[in-house]
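To start, the structure itself, in structure tokens.
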Amino acid sequence: MSRLYFIDAMRAWAILMMLQGHFVDGLLDPVFRDDSNIVYATWKYFRGITAPVFFTVSGFIFTLLLIKVPEKGWQNPRVMKGIKRGLQLLFIGYLLRLNLFGLLKGEVYGSFYLVDVLHCIGLSLLGIIGVYLLTTKKKKYVFPTVLLGITMVLFLLEPMYKQWSFSFLPDMLANYLTKANGSVFTLIPWMGYTAFGAFLSVVFSRYRAMKHLYPVSIGVSLITGAALIYYSTPLFKVLFDTTGITVFQGLVNNNYLFIRLGNVMVVFAVFMALRQFLTNNTLLRLGQNTLSIYVIHFIVLYGSFTGLGIYGFLHHGVAPAIVVPGAAIFMVLCSYLALQYDAQEEVIKTRIAGVFNTIREQAEPVLLFGYRQLRASMSWLLRVIGLVKS
């Protein structure tokens, strides 16, 4: 199965949109946040597309790799790789929220327990693996059907569960389900986009040998996207009027999940249509290094580990004349650093491993000496109190 370069290009576009979106949203003075301004309103709308695209593409590429190998179930080597990847994303998500100065004072700040993109994607990937393992011996249609079902349930019931505080859970767990404590993203409903990406991946892979795959896929994506954007809200209005079920009224009042899903389908169609032009090596490398870019942007903008980031110094205090070129510079800087890391990754990892080995080698004699002293002291103490013979 050859690599789908339009997916890498989509990932690159999504991560670049995320970079400028976080920069502008974090720094732009509220005075200039005017929804009646067409430039700001357009920027805001497209910024809202970024996260759904990123979650959907993550589920798409992960599942494509998961199902492309002939082995099934636990024999599939991608299962263990996927579990490691999901746990890695969770670990990095929490690591980025650590504050070293707080740790030195013996404190773990409350922000450490908040949930963000990496936590949600990590758990979503683990969820996809769980569905895959549970359905691997079932008929072929069961896996994609369950994935689509997850999306529909999470999106349809969002007006109901978004009101729940989940106060019966510890905050660390509740933060995965509610924004009440300050989480930026939550597993529900955002896993719905990842599951939908996985569903698209299964369908795409099964029809990949079809002669007119791309023309059909582009057409279906555009029609589905337009239907979700323009007709899902009227449909829920009809359903509410017919059934009186209040969940449908909630969807009529705030139908952002299905509308954004329509946006995602249109973005898929655009990138598939332009796939022959999206072969720039730098662009594709950016799409293949989104995790590095995300980590670097989090450190530079939000001040991970130190608390010293651009956001802390210029939070909501900058005019558009500075924010716009600043966002461009920020995108270039984070992209450049990520690509440099990618080029030197093996060297960097080797050096880090060397540092830890050196620390371990130097610490071993000290620890061994301390252990011997402790054992001698315990032996002396036991003799003193008469529990052992001299």
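Heads up: numbering here begins at 1 and tracks the sequence.
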Do the rings of [X] and [Y] sit parallel, tilted or perpendicular, given the 30° and 60° boundaries?
{"X": "Phe185", "Y": "Phe55", "value": "tilted"}
{"X": "Phe236", "Y": "Phe258", "value": "tilted"}
{"X": "Trp190", "Y": "Tyr193", "value": "tilted"}

Any side-chain to backbone donor/acceptor pair from [X] onto [Y]? Under 3.5 Å, distance only.
{"X": "Asn253", "Y": "Gln249", "answer": "yes"}
{"X": "His212", "Y": "Ser217", "answer": "no"}
{"X": "Tyr176", "Y": "Cys120", "answer": "no"}
{"X": "Ser201", "Y": "Gly197", "answer": "no"}
{"X": "Arg11", "Y": "Gly287", "answer": "yes"}
{"X": "Ser183", "Y": "Lys179", "answer": "no"}
{"X": "Asp29", "Y": "Phe32", "answer": "no"}
{"X": "Thr178", "Y": "Ala174", "answer": "no"}
{"X": "Thr151", "Y": "Gly192", "answer": "yes"}
{"X": "Arg33", "Y": "Leu28", "answer": "yes"}

Same cluster or not: [X] versus [Y], using hydrophobic residues (I, L, V, M, F, W, Y) connected whenever any side-chain heavy atoms lie under 4.5 Å apart?
{"X": "Leu126", "Y": "Trp74", "result": "yes"}
{"X": "Tyr141", "Y": "Leu200", "result": "yes"}
{"X": "Val24", "Y": "Val184", "result": "yes"}

Spatial distance of atom [atom1] ([X]) from atom [atom2] ([Y]) [nearest 0.5 Å]:
{"X": "Tyr294", "Y": "Ile299", "atom1": "OH", "atom2": "CD1", "answer": "11.5 Å"}
{"X": "Ser304", "Y": "Leu100", "atom1": "OG", "atom2": "CG", "answer": "9.5 Å"}
{"X": "Leu339", "Y": "Cys334", "atom1": "CG", "atom2": "SG", "answer": "11.0 Å"}
{"X": "His119", "Y": "Leu96", "atom1": "NE2", "atom2": "CG", "answer": "8.0 Å"}
{"X": "Ile310", "Y": "Phe23", "atom1": "CD1", "atom2": "CZ", "answer": "5.5 Å"}
{"X": "Asn76", "Y": "Thr136", "atom1": "CG", "atom2": "OG1", "answer": "8.0 Å"}

Assess whether atom [atom1] of [X] is packed by more than 12 heavy atoms of other residues, nucleotides or ligands within 6.0 Å.
{"X": "Phe277", "atom1": "CZ", "answer": "no"}
{"X": "Lys44", "atom1": "NZ", "answer": "no"}
{"X": "Tyr256", "atom1": "OH", "answer": "yes"}
{"X": "Phe166", "atom1": "CZ", "answer": "yes"}
{"X": "Gln276", "atom1": "CD", "answer": "no"}
{"X": "Phe91", "atom1": "CZ", "answer": "no"}

Between Pro189 and Tyr161, the two heavy atoms sitting closest are CB-OH, 3.0 Å

So Arg85 and Gln88, side-chain hydrogen bond (donor to acceptor under 3.5 Å, both in side chains) or not? Walk me through it.
CA-CA 5 Å; Arg85 183 63 166 179; Gln88 178 195 40; 2.8 Å; yes

For the aromatic rings, using the six-membered ring if either is Trp, is the centroid distance between His22 and Tyr311 under 6.0 Å?
no

Taking the six-membered ring for Trp, are Phe60 and Phe268 closer than 6.0 Å centroid to centroid?
yes

Checking Arg275 against Tyr214: charged group under 6.0 Å from the ring centre and within 45 degrees of the axis?
yes

pair [X]-[Y]: side-chain heavy atoms closer than 4.5 Å:
{"X": "Met10", "Y": "Val53", "value": "yes"}
{"X": "Leu133", "Y": "Ile129", "value": "yes"}
{"X": "Leu261", "Y": "Pro52", "value": "no"}
{"X": "Leu65", "Y": "Lys68", "value": "yes"}

Audit row: Asn289, Tyr341, side-chain hydrogen bond (donor to acceptor under 3.5 Å, both in side chains) steps and yes/no
CA-CA 9 Å; Asn289 289 278; Tyr341 171 79; over 6 Å; no

Can you see whether Asn263 engages Tyr45 through a side-chain donor-acceptor pair at a distance of less than 3.5 angstrom?
yes

